[in-house]
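First comes the structure, then the notes that go with it.
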Amino acid sequence: MEISRSALRENLDFLRGLYGGDVLFSSVVKGNAYGHGAKVIVPLAEDCGVRHFSVFSADEALGVVDNRTAGSDVLIMGYIDDAEIAWAVEKEIGFFVFDQERLRAAGRLARRIRKPARIHLELETGLHRSGLEGEELDRVLEEITLHPDLYRVEGICTHLAGAESSANYHRIRRQIRLFEEGSDALAAKGLRPRYRHAACSAASIVYPETVLDLVRIGIAQYGFWPSEETRIHYQLDHESADSEWFEDPLRRVMRWSSRIMGVKRVPPGGFVGYGTTFLATRSLRIASVPVGYYHGFPRNLSNLGHVLVRGKRAPVTGLVNMNMMMVDVTECGAVRRGDEVVIVGRQKKAEISVQSFSALTRNVNYEVLVRIPAAIPRVLVD
Ligand SMILES: *Cc1c(COP(=O)(O)O)cnc(C)c1O
């Protein structure tokens, strides 16, 4: 996998331009930086001026701490157990608080370590996944007010329930209203944290009013629109509605390629690969490629997906195996062992997008990306 420095930089510049200089940009690098490799992405994003990262869990936070080169802040949005809370407090890593037990544990450990816990209160607004509400929220506020030395409340936040689809419009609008009311209520009690935040990539584009003091941006920084709808929404907002050409401001950061392992001729009447899913009806040239579902290439792209060879689309032929697949290169010219095979990205004038995988398999692009194993080397290119 190649990771493009200039693509990441352009995406970050574009997005930060959209939000304005007063908004803290938090680069979301959970799921091994959406499959791009946190080890590569974290220092690269820091080179581009990013100073805040959000992750799901403590082990992912450790991945950022181990690879940051500019001392950026880290925020854990999801899971953290008590032992890890001690580590987070010690390392001054922030984390979401969405229940009383976590707050209490944080307070106990902060007292022992003699450092305040940096917390972001997550409010329930309608996602119904994690989030404080009702009496539990009251008790959390009480505890915080009683022990200002133990807790540094840096943020209040929420997460929206699918801003990338207009089908969720009313639900999202209601969440935005409830979050505003919730943060007003907290302000009335004297709690006005530095950062209010709610926006992910899609929300920041479709509901710009959710861009508050901080945005948590994942998929868009890697050059992918959260959905076709989000892209069209951006286009309608920023270009004349009848322009036929869309100048995509996002550039794909990753390119995934392999090499042809071997080529053989298959006579008419021959089946290709395991079983009988593909029958050659004429003489074909079939190439083997050392990429299979072990490497995150979806098995349900068997007889359905394509790769690029010599700038031409070569259909996946037969079943995708664990470590390899066969592709039909009959129409690709004089293909030889060692030729480059592009799984995702551009080759000459052709391109295969992650989106095209998603359209064929009904996987969302997020899922296809994060399934690419960490063991595949990520190579930095310009
Ligand atoms: C993953 C995540 C984000 C980022 O979402 P994108 O759609 O990739 O921008 C933001 N906030 C939370 C809580 C998340 O889990």
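The residues of the chain are indexed from 1 along the displayed sequence. Counting convention: from 1, in listed order, for ligands and their atoms alike.
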Notebook entry, point to check: With respect to Phe357, which candidate in Tyr366, Phe224, Trp256, Phe297 satisfies the ring-ring contact (aromatic ring centres under 6.0 Å, His included) definition?
Noted result: Phe297
Checklist line | atom 10 (C) of ligand 1: the protein heavy-atom neighbour that sits closest, reported with distance to 0.1 Å | finding: Arg216 NE, 3.5 Å
Notebook entry, point to check: So which protein heavy atom does atom 3 (C) of ligand 1 come closest to, and at what separation?
Noted result: Lys30 NZ, 3.8 Å
Next item on the list: Give, for atom OG of Ser258 and atom CD1 of Ile343, the distance between the pair rounded to the nearest 0.5 Å.
Entry: 5.5 Å
Notebook entry, point to check: What is the nearest protein non-hydrogen atom to atom 12 (C) of ligand 1, stated with its residue, atom name and distance?
Noted result: His159 CE1, 3.3 Å
Next item on the list: Report the C-alpha distance between Phe25 and Leu214 in whole Å, list the side-chain angles of each, state the deciding distance to 0.1 Å, and finish with yes or no for side chain to side chain contact (heavy atoms under 4.5 Å, CB included).
Entry: CA-CA 6 Å; Phe25 184 97; Leu214 179 158; over 6 Å; no
Check: For atom 8 (O) of ligand 1, what's the nearest protein heavy atom and its distance?
Finding: Tyr34 OH, 2.5 Å
Next item on the list: Look only at interatomic distance and state if Gly218 has a nitrogen or oxygen under 3.5 Å from any nitrogen or oxygen of ligand 1.
Entry: yes
Checklist line | Mode of Phe56 contact toward ligand 1 - side chain, backbone, both, neither (heavy atoms, under 4.0 Å) | finding: neither
Next item on the list: Describe, in one word, how the ring planes of Trp225 and Phe246 are oriented to each other, choosing from parallel (under 30°), tilted (30 to 60°) and perpendicular (over 60°).
Entry: tilted
Item checked: Distance, nearest 0.5 Å, that separates CG of Leu24 from NE2 of His52 -> 5.5 Å
Check: Going by the atom numbers of ligand 1, which of them fall below 4.0 Å from some non-hydrogen atom of Tyr366?
Finding: 6 (P), 7 (O), 8 (O)
Note to self: Working note: Leu308 + Val341, criterion side chain to side chain contact (heavy atoms under 4.5 Å, CB included); need CA distance, chi angles, decisive distance, verdict.
What the structure shows: CA-CA 6 Å; Leu308 299 176; Val341 179; over 6 Å; no
Notebook entry, point to check: Phe96 to ligand 1: N or O pair under 3.5 Å?
Noted result: no
Notebook entry, point to check: When you measure from atom 9 (O) of ligand 1 to every protein heavy atom, which one gives the shortest distance, and what is it?
Noted result: Ser201 OG, 2.5 Å
Check: When you look at CD of Glu101, are more than 12 heavy atoms from neighbouring residues, nucleotides or ligands closer to it than 6.0 Å?
Finding: yes
